[in-house]
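All remarks here apply to the structure that follows.
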Amino acid sequence: MGESRVVATAPSNIALIKYWGKRDGVAQWPANDSLSMTLSAARTETTAALLDAPHDELWIDGARIATDPRDKAHAHLARLRREVGLGAAPLRIESRNTFPSDCGVASSASGLAALTLAALGAWTDAGSLADLASRGFDTARLAALARLGSGSACRSLMGGYVLWQAGERPEAQSVRQLLAPAAFPLADVIVLLSRDKKLSPSTMAHKAAWTSPLFAPRLAGVPERLARVEAALRASDLSRLGEDIEAEALEMHAVMMTSAPQATYILPRTSEFIVWLRQARRRGDFEAYVTLDAGPNPHVLTRPEDAETVAARIRDAFGAQDLIVDLTGEGPTLTRNAT
Ligand code: PMV
C-alpha cells in the first residue's frame, strides 16, 4: 500500500447564489441554499501516501505546514479520521493549486475537496472515484465530509452547476448537480485587482452576518432569486441570469459591510470596475456580468465565444492586466500512481 500514492484533483467553484451565514458552525449548516458554477482550470491537485512517521506531513504549494490543530488542513485531517473511523495512519500530503491562493478564486473550496478525496483514497487504498464509492464514500458522503472543512468545498465534488440545499435539519443538507457543464458553458474572466491575503477570514464573517439589518430581508428573497437563476441556467439565458447574479453578489457584500464586526472585502478599484462594466454593458460593448467571492477580485461571466473580447476590453479600456480566463468545468478526479 505504501508503494503508491493517490492523486486527487478538485475544481474551484464560483457561487451564483451565495452561501453567506451559517445556522450552525459545527455541522456547517448554511443559512440558505446556494448554487455554484464549477470552474475548469482553477483546480487543486493533492497527492497522499501512507507515511511511516508519528505525524502527518503536509505541504501546500511547496511549503511545509506545521502541525497545528488551528490550521484548516490539519484540522480537517483530524476530523476525517474521527468521522470515518479508519486507523490513524499518518499521511504525507502534497497540495498544489493551479491558481494563486487567496486571489478571489476559492482555494479553500478546491483545497478541502481535494484533501478529502486524497486522504480517504489513501486510507481505503482506492484507485478511482468508483473505488471510493464502493468503499462507502459516494459523492454525497464525500460532499458532506468536505463541507465540514469548508462549506463551499461541498460544491466542488461535482461539475457544471451545483445546488447545495440547507434542508430542515443539519443532517438533511444535500448537494447535487443541476446541470452538466455542456448544458450551458460560460466563461469566468477573473480580474485580479489584488493578490493580497484576505483581511477578514470568512469563518468570523459568516457568524457576523446575522447582525446585519439586511440579512433577514436577504434570506427572505433568496428562494425566489434562486428559482429565477435556475430557470435562466436551464434556458441558457445569460441576460436573465446576469442581472440576478450581479444583484446577488452586491447584496452579499452589503450584508458583510453592515455586519458587526463589519467586513469590507471590496477595494475602491472593485467599485470602479463594477461601474465601468455596467456602463460598457449599457453602451452595448459586450454582454458580461460581475460576481464576487469574499474578496476584491471580480469574476466576470460571459459567453465563452466573447471571453477574449471581454478580457481585451478589461485590459485596454479598464486597465487591469492580471486576468485568468476560466470556463465551466467538470468535477473531481482520483487516480493512483506508483511513487
Ligand atoms: O466556504 P467558506 O466558508 O470559505 O465561505 C465562502 C463563501 C463565499 O465564497 C463568499 C460564497 C460561496 O457561496 O462560495
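For clarity, every value in this text was computed on a predicted model and none was experimentally measured. Every number for a ligand or one of its atoms is a count from 1 in the order of the listing. Start at 1 with the first residue, then count along the sequence.
Numbered from 1 in the order shown, with element, the atoms of ligand 1 that lie under 4.0 Å from a heavy atom of His206 read 2 (P), 3 (O), 5 (O). Residue Ala294 approaches ligand 1 through these ligand atoms, each under 4.0 Å from one of its heavy atoms: 10 (C). Contact atoms of ligand 1 toward Ser108: 4 (O) (distance under 4.0 Å to a heavy atom of the residue). Each of the following atoms of ligand 1 lies closer than 4.0 Å to a heavy atom of Met252: 10 (C). Each of the following atoms of ligand 1 lies closer than 4.0 Å to a heavy atom of Ala15: 12 (C), 13 (O), 14 (O).
Remark: distances from the non-hydrogen atoms of Ser150 to ligand 1 include one below 4.0 Å.
Surrounding CD of Glu224 are at most 12 heavy atoms belonging to other residues, nucleotides or ligands under 6.0 Å away.
For the residue pair Lys18/Thr291, the side-chain donor-acceptor check at 3.5 Å is satisfied. Counted by atom type alone, Arg43 and Thr98 present zero donor-acceptor pairs between their side chains at under 3.5 Å.
Side-chain contact between Leu178 and Arg234 is present, with heavy atoms from C-beta onward closer than 4.5 Å. Within the 4.5 Å cutoff, the side chain of Glu248 has heavy atoms near those of the Arg225 side chain.
In this structure, the side chain of Asp326 engages the main chain of Ala42 through a donor-acceptor pair within 3.5 Å.
The closest heavy-atom contact to atom 14 (O) of ligand 1, among the options Lys18, Arg155, Lys22, comes from Arg155.
In Ser152, the parts holding a heavy atom less than 4.0 Å from any atom of ligand 1 are both the side chain and the backbone.
In this structure, Arg155 is not positioned above the aromatic face of Tyr161 in the sense of NZ or CZ being under 6.0 Å from the six-membered ring centre and within 45° of the axis.
Residue Ser34 has no nitrogen or oxygen atom sitting less than 3.5 Å from a nitrogen or oxygen atom of ligand 1, judged on distance alone.
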